[in-house]
Amino acid sequence: MSEKKMVKFIIQRQDSENAAPYEETFEVPYRPNMNVISALMEIRKNPVDASGKATTPIAWDMNCLEEVCGACSMVINGKPRQSCSALVDQLEQPIRLAPMKTFPVVRDLQVDRSRMFDALKKVKAWIPIDGTYDLGPGPRMPENKRQWAYELSKCMTCGVCLEACPNVNSKSDFIGAQPLSQVRLFNAHPTGAMNKAERLEAIMGDGGLVNCGNSQNCVQSCPKGIPLTTSIAALNRDTTIQSFRRFFGSDHQ
Amino acid sequence: MASNREFFNRRLHSLLGVIPIGIFLVQHLVVNHYATVGVESFNKAANFMGNLPFRYVLETVIIYLPLLFHAIYGLYIAFTAKNNTSRFGFFRNWMFLLQRVTGVITLIFIAWHVWETRVAAAFGNEVNFQMMQDILSSPFMFGFYIVGIISAIFHFANGLWSFMVSWGITVSPRSQVIATYVTIVIFLALSYVGISTLLAFV
Ligand code: HEM
Ligand code: SF4
Ligand code: FES
């Protein structure tokens, strides 16, 4: 027990939304199977940096601790991913943590992911079934289609696909892959399909679908393995048809 | 409809890249390949193209206006990206970067190329084999032409790939992979045509 194994962390910190970021180094005693969050918790217990200087505890977000809520995303050794499923044993040391800069930093590793929820509202990523009377059961969904759509429904709005995209940045208002793929999900649903045109029109607006430049980083980075670029290409086809319908036809709703 | 302006512009940008600019590029490379046959053939072909009826109308509508739109909007698109190939070194991300880099190189090349040939022609110089031979006798200009032509061809071939995605033609991952192979073949074939033409002038 004399020589305790330590894990070194270099963490990018930021005291408030508009403050300048700075780095601090920490050393955390190694435990088998530890993940990045357990190390952050360890630092929180005793917020002293590697040189022995006392500091403030690090702020970060977390919730499910099993890679389904998306809250704990951060940039770990240069890659955006979930800190709850980032195992220290599988990471190169020193481990570098930074916030996902695509989002406004609230404090330290904590970011404001509102833009994704706003985008979901913008593209109407829901199925409107509320009425003033009982509408009865909707059309059924074929089982094979349900299985396929289930893959799209795994999105946890973690923001990794936005962080990875070269076209989602401060110079552009591109909404990114995450809300787009949800449009495909809700348009695939037999009841949701009744509002298909509305959602397509929404993603044909500014900052929408056409801002995709096909770097395909999103599909390579999505922790849930969602076929984002297939969704985007499918929506490209749907919006092409929608635009022709609107221009040449009359029944385009 | 105002909120759909971006959609329209981006789709127009994509379409113009293939029709007419892409078609013109292929046609231009193929016709100039007559240079490998001989001085006579090249001059005859250049003459034929240069003396088409309504030449100025055709040039303006098929080449200059679409190219101007594609290039200016393309510059805007290129400079709104924050390239991140160092963090995400995937094949398609590199193609994304190269599409933008070759677009800018192609723009510089085309500007110079038009200046040297069409503008010179407007001042009374004749565009013929001799003219190209003079230009390409400088090793610097020869290198510049190689880079410019390869850039334009790469940009067109890879652009064809993303065109097929942009319009929803290649949706499945498999069709996109096959499109990658097809566009690589197009890139190699057109590069052969372009380079062998250049070599005919030296
Ligand atoms: C020989 C002339 C050119 C040809 C044949 C050509 C062709 C194409 C094609 C076919 C595309 C694909 C469209 C799509 O993604 O749907 C494209 C995209 C693009 N072009 Fe060009 N282009 C030419 C010149 C230029 C120039 C001068 C620029 C200026 C910088 C430029 C910038 C771009 C950019 C940035 C894209 C990517 C658009 C995106 O991914 O959203 N191109 N081009
Ligand atoms: S699509 Fe994937 S990467 Fe993007 S927010 Fe959803 S789960 Fe995260
Ligand atoms: S805490 Fe929910 S994904 Fe990590």
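Proteins get letters first, then strands, A, B, ... in listed order; numbering begins at 1 in each.
Expressed to the nearest 0.5 Å, how far CD of A:Gln178 lies from CG of A:Leu180 amounts to 8.5 Å.
Salt-bridge check for A:Glu17 with A:Arg107: failed, with every basic side-chain N at 4.0 Å or more from each acidic carboxylate O. Using a cutoff of 4.0 Å between basic side-chain nitrogens and carboxylate oxygens, A:Arg115 and A:Asp118 are not scored as salt-bridged.
Interface remark: B:Gln176 contributes side-chain atoms only to the contact with chain A (heavy atom separation under 4.5 Å). With a threshold of 4.5 angstrom between heavy atoms, B:Thr170 approaches chain A through N, CA, C or O but not through any side-chain atom. Neither the backbone nor the side chain of B:Ile77 comes within less than 4.5 Å of any heavy atom of chain A. Only the side chain of A:Val75 comes within less than 4.5 Å of a heavy atom in chain B; its backbone stays farther off. Heavy atoms closer than 4.5 Å to chain A are found in the side chain of B:Trp161, but not in its backbone. Only the backbone of B:Phe79 comes within contact range of chain A, judged by heavy atoms closer than 4.5 Å.
Remark: B:Arg11 is positioned above the aromatic ring of B:Trp167, its terminal NZ or CZ atom under 6.0 angstrom from the ring centre and at most 45 degrees off the axis. Under the 6.0 Å distance and 45° angle rule, A:Lys79 counts as a cation-pi partner of B:Phe88.
More than 12 heavy atoms of other shown residues, nucleotides or ligands fall within 6.0 angstrom of atom CH2 in A:Trp148.
Across A:Asn169, A:Asn217, A:Thr240, the residue that shares the most heavy-atom pairs under 4.5 angstrom with chain B is A:Asn217. Listed options A:Asn211, A:Leu209, A:Ile232 were ranked by heavy-atom pairs under 4.5 angstrom with chain B; first place goes to A:Asn211. Ranking A:Thr229, A:Thr239, A:Leu235 against chain B, the residue ahead of the rest is A:Thr239, based on heavy-atom pairs under 4.5 Å.
Of all heavy-atom pairs spanning B:Leu25 and B:Ala152, the tightest one is CD2-O, 3.8 Å.
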